[in-house]
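Remarks on the structure that follows.
Proteins get letters first, then strands, A, B, ... in listed order; numbering begins at 1 in each.
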Protein chains: 2
Amino acid sequence: MVTMAEVAARAGVTKQTVSNVVSGKKVRPETLAKVNAAIAELGYKPNLVARSLRTGSTSTVGLFVPHVANPFYSEVVEEVENVLVRHGYNLLLATTRDDPDYTRVHLENLAARSVDALLVAGDKGVGRQLPMLAQTSFPVALFAWEGDPPATLPVVSIDYEHAGYLAGRHLRDLGHRNVAVIADLPPHALRVAGLRRAFAADGLAIDDSKVFARTSDDAAGGYAAACAALEADPELTAIFATHDILAVGAVEAVTRSGRRVPEDVSVVGFDDIAQVGRIEPPLTTVAFPKREMAQNAVELLLRAVESGKPPTNALSLLRPTLIVRDSSAPPRTTA
Amino acid sequence: MVTMAEVAARAGVTKQTVSNVVSGKKVRPETLAKVNAAIAELGYKPNLVARSLRTGSTSTVGLFVPHVANPFYSEVVEEVENVLVRHGYNLLLATTRDDPDYTRVHLENLAARSVDALLVAGDKGVGRQLPMLAQTSFPVALFAWEGDPPATLPVVSIDYEHAGYLAGRHLRDLGHRNVAVIADLPPHALRVAGLRRAFAADGLAIDDSKVFARTSDDAAGGYAAACAALEADPELTAIFATHDILAVGAVEAVTRSGRRVPEDVSVVGFDDIAQVGRIEPPLTTVAFPKREMAQNAVELLLRAVESGKPPTNALSLLRPTLIVRDSSAPPRTTA
DNA sequence: TTGAAAGCGCTAACAC
DNA sequence: GTGTTAGCGCTTTCAA
């Protein structure tokens, strides 16, 4: 490996001058030429680890996601990487698997590696580590945070309660009165609360007996929960699933039971992941600007890194919107 | 930040002894206790950047993928991270967007950061950088490599030609004679070649006029190409798409044209990404053990890292299998 | 087993 | 604008 000292010797200058050239500081043109020539001849590349040790900065940002294979998060990962590359940073990716221990281990590791910043997507399994997150030496931001947002850290998220409300209002306005919910609880409690509020506005209630916990976070989990819901009440006219993957399973369950979506049972999902626009029928769902949010969150962090100031400690909530596709319609018999 | 020197002072020993404790070397029990007490009291965590500068190893492995939001690659990312964490390594993720320039920039960056190894998934946009890849100071392996595998680097992949053959044989055996192909060419040329070989065995040929290049690598691209194929020959009875996302679009195009899958037109995909088992109808596709392959590839690299020897330069091809679901059936009128 | 000294490759601070 | 000096926090080497 070629070092700065070798380049310096070759160019007849000191390390410092080479350093100045590399970092684009003021250098006399003829020195610049000599040094650049030496760099080119020797094929010198600066050692970023050494630079990091000296400066304490690694040009690396950590990203925590619960799972990468989940389409919601893989879009987030992609967008985060986009922004980082554009700003000259690297992405250190860690999956937390909704597990507090994984989260802790990863966090300690990132701290020891001195990442410049950390973005935490999703709050399952992270909540317990909040005190640690607030004590790091680098800026941390929370993304798609659904629980009680901590006051100490900046949060870029959406109003999940309102998002649930949008779904509820849609079903209510269509005339549905007998609605089941398939949910990942407690994490998605706010989505359900919003749905309930929409119905409560008309004096309607969604009983706890109509809320079904999913067994797993894949389509099979949604399928099983929807089967249970249909069995418990064959008369129900709509299902709200707290995320799209569950909704995909729910559509399948409805269809397999001999009913049709949306004629017999409407299904509404949540997230607007890419694939649900193309299932049969295309899914009505609550969307929010994931990529824009991810971009905001990363830029918030990078501003903090580059200014040396702690990040603006704001709660930034982007607006969810309802995407009405073909999986929702008025109930067959309006009660 | 607490340094080793501070711990040493506190424990009344030298840095060296603390270092020995941290790295689990032989230390007298009472010294060990003293040092551990000091570590605990001060909350000392070793600075991994400093360690890396000294040792030249970062416990970090780079992964190149074309895109993360593509479900095929997001599964790969997830599995790679699984294995790395299990072995105590970190994941530095870079998306290459099938672009040689991105690839080059990322590669130089990783080299300067002294990652311990690099796994390159997918070959689009990477081919031109092969000489650079072969010259790095750390082990490199190629994953899901479809082009001519270079002799200088280990490759973990599948036999794409055979995979295409499996799809072709399936359609041929069902009795299809008028088949269109929707392909990402030239990258997926081998898959198409395999398909052709299957038909050639019966003296049948798939004319170039039946091969349609997709316009983009999303479902819309598959949709457009399938529409073109159906327009060019309304009599065709089957479509082979060189990856599942295209197939999803193709199914949609067939359905929208008023035809039915598989009664009027069979559709066969490639990759077996998670979602295609749940579209309507569930897709027949060629599967291969992505996760197992990813695991093999990473472990190959880590063995090389830990042994200090270059990786076994082998071409490891796992076997693809055909998953027959509901999107393929005999043609309505057997020619 | 532990200590002392050296240095990984770079940048910060200051003098010239 | 460029050189000199010092040191980031750790591990390696060698001596005790």
Quiz item: Has Arg128(B) got more than 12 heavy atoms of other residues, nucleotides or ligands less than 6.0 Å from its CZ?
Solution: no
Exercise. Grab the CG-P distance between Asn20(B) and dA4(C) for me, whole Å please.
Key: 14 Å
Practice problem: Measure distances between side-chain N and O atoms of Arg54(B) and base N and O atoms of dG7(C), and say whether any donor-acceptor pair falls under 3.5 Å. | Solution: yes
Self-check item: Which nucleotide in dT11(C), dC10(C), dT2(D) has an atom nearest any side-chain atom of Thr31(A)
Solution: dT2(D)
Exercise. Find the distance Leu48(A):CG to dG9(C):P and express it as a whole number of Å.
Key: 13 Å
Exercise. Would you mind reading off the distance between Asn47(A) atom CG and dG7(C) atom C1', rounded to a whole angstrom?
Key: 14 Å
Quiz item: Which nucleotide in the set dT1(C), dG3(C), dG9(D) lies at the smallest distance from any side-chain heavy atom of Val13(B)?
Solution: dG3(C)
Exercise. Could you walk me through whether Lys124(A) and Asp217(A) pass the salt bridge (Lys or Arg N to Asp or Glu O under 4.0 Å) test, one step at a time?
Key: CA-CA 13 Å; Lys124(A) 281 203 287 184; Asp217(A) 270 321; 3.2 Å; yes
Self-check item: Separation of atom NZ in Lys45(B) from atom P in dC10(D), rounded to whole Å
Solution: 13 Å
Exercise. Please state how far atom CG in Leu42(A) lies from atom P in dG9(C), giving the value in whole angstrom units.
Key: 14 Å
Quiz item: Under 4.0 Å between a side-chain N or O of Ser19(A) and OP1 or OP2 of dT11(C)?
Solution: yes
Practice problem: Report the distance from atom CG of Leu53(A) to atom P of dT11(C), rounded to the nearest whole Å. | Solution: 11 Å
Practice problem: Quick one: sort the Phe64(B) and His106(B) rings into parallel, tilted or perpendicular, breaks at 30° and 60°. | Solution: tilted
Quiz item: Does OP1 or OP2 of dT2(C) have a side-chain N or O of Arg28(B) closer than 4.0 Å?
Solution: yes
Quiz item: What integer distance in Å separates Met4(B):CE from dA6(C):P?
Solution: 20 Å
Quiz item: Quick one: does Leu300(B)'s side chain get under 4.5 Å of Pro154(B)'s, heavy atoms only?
Solution: yes
Quiz item: If each of Ala50(B) and Lys26(B) is mapped to the nucleotide of DNA chain C with the nearest heavy atom, which maps nearer the 5' terminus, i.e. the 5' end?
Solution: Lys26(B)
Quiz item: Considering only dA6(D), dG9(D), dT12(D), which nucleotide approaches the side chain of Lys15(A) most closely?
Solution: dA6(D)
Quiz item: With a non-hydrogen cut-off below 4.0 angstrom, is Thr3(A) in contact with a base, only sugar-phosphate, or nothing?
Solution: sugar-phosphate
Quiz prompt | Distance test, side-chain N/O of Thr17(A) to OP1/OP2 of dG3(D), below 4.0 Å | solution = yes
Practice problem: May I have the distance from Leu32(B) (atom CG) to dT1(C) (atom C1'), rounded to whole angstrom? | Solution: 12 Å
Quiz item: Under 4.0 Å between a side-chain N or O of Arg51(A) and OP1 or OP2 of dT11(C)?
Solution: yes
Exercise. Could you check which of dT11(D), dC8(D), dC10(D) has an atom nearest any side-chain atom of Gln16(B)?
Key: dT11(D)
Quiz item: What's the spacing between Leu153(B) CG and Leu133(B) CG if we round to 0.5 Å?
Solution: 6.5 Å
Quiz item: So what does Val49(B) hit on the nucleic acid, given a heavy-atom distance under 4.0 Å: a base, only sugar-phosphate, or nothing?
Solution: nothing
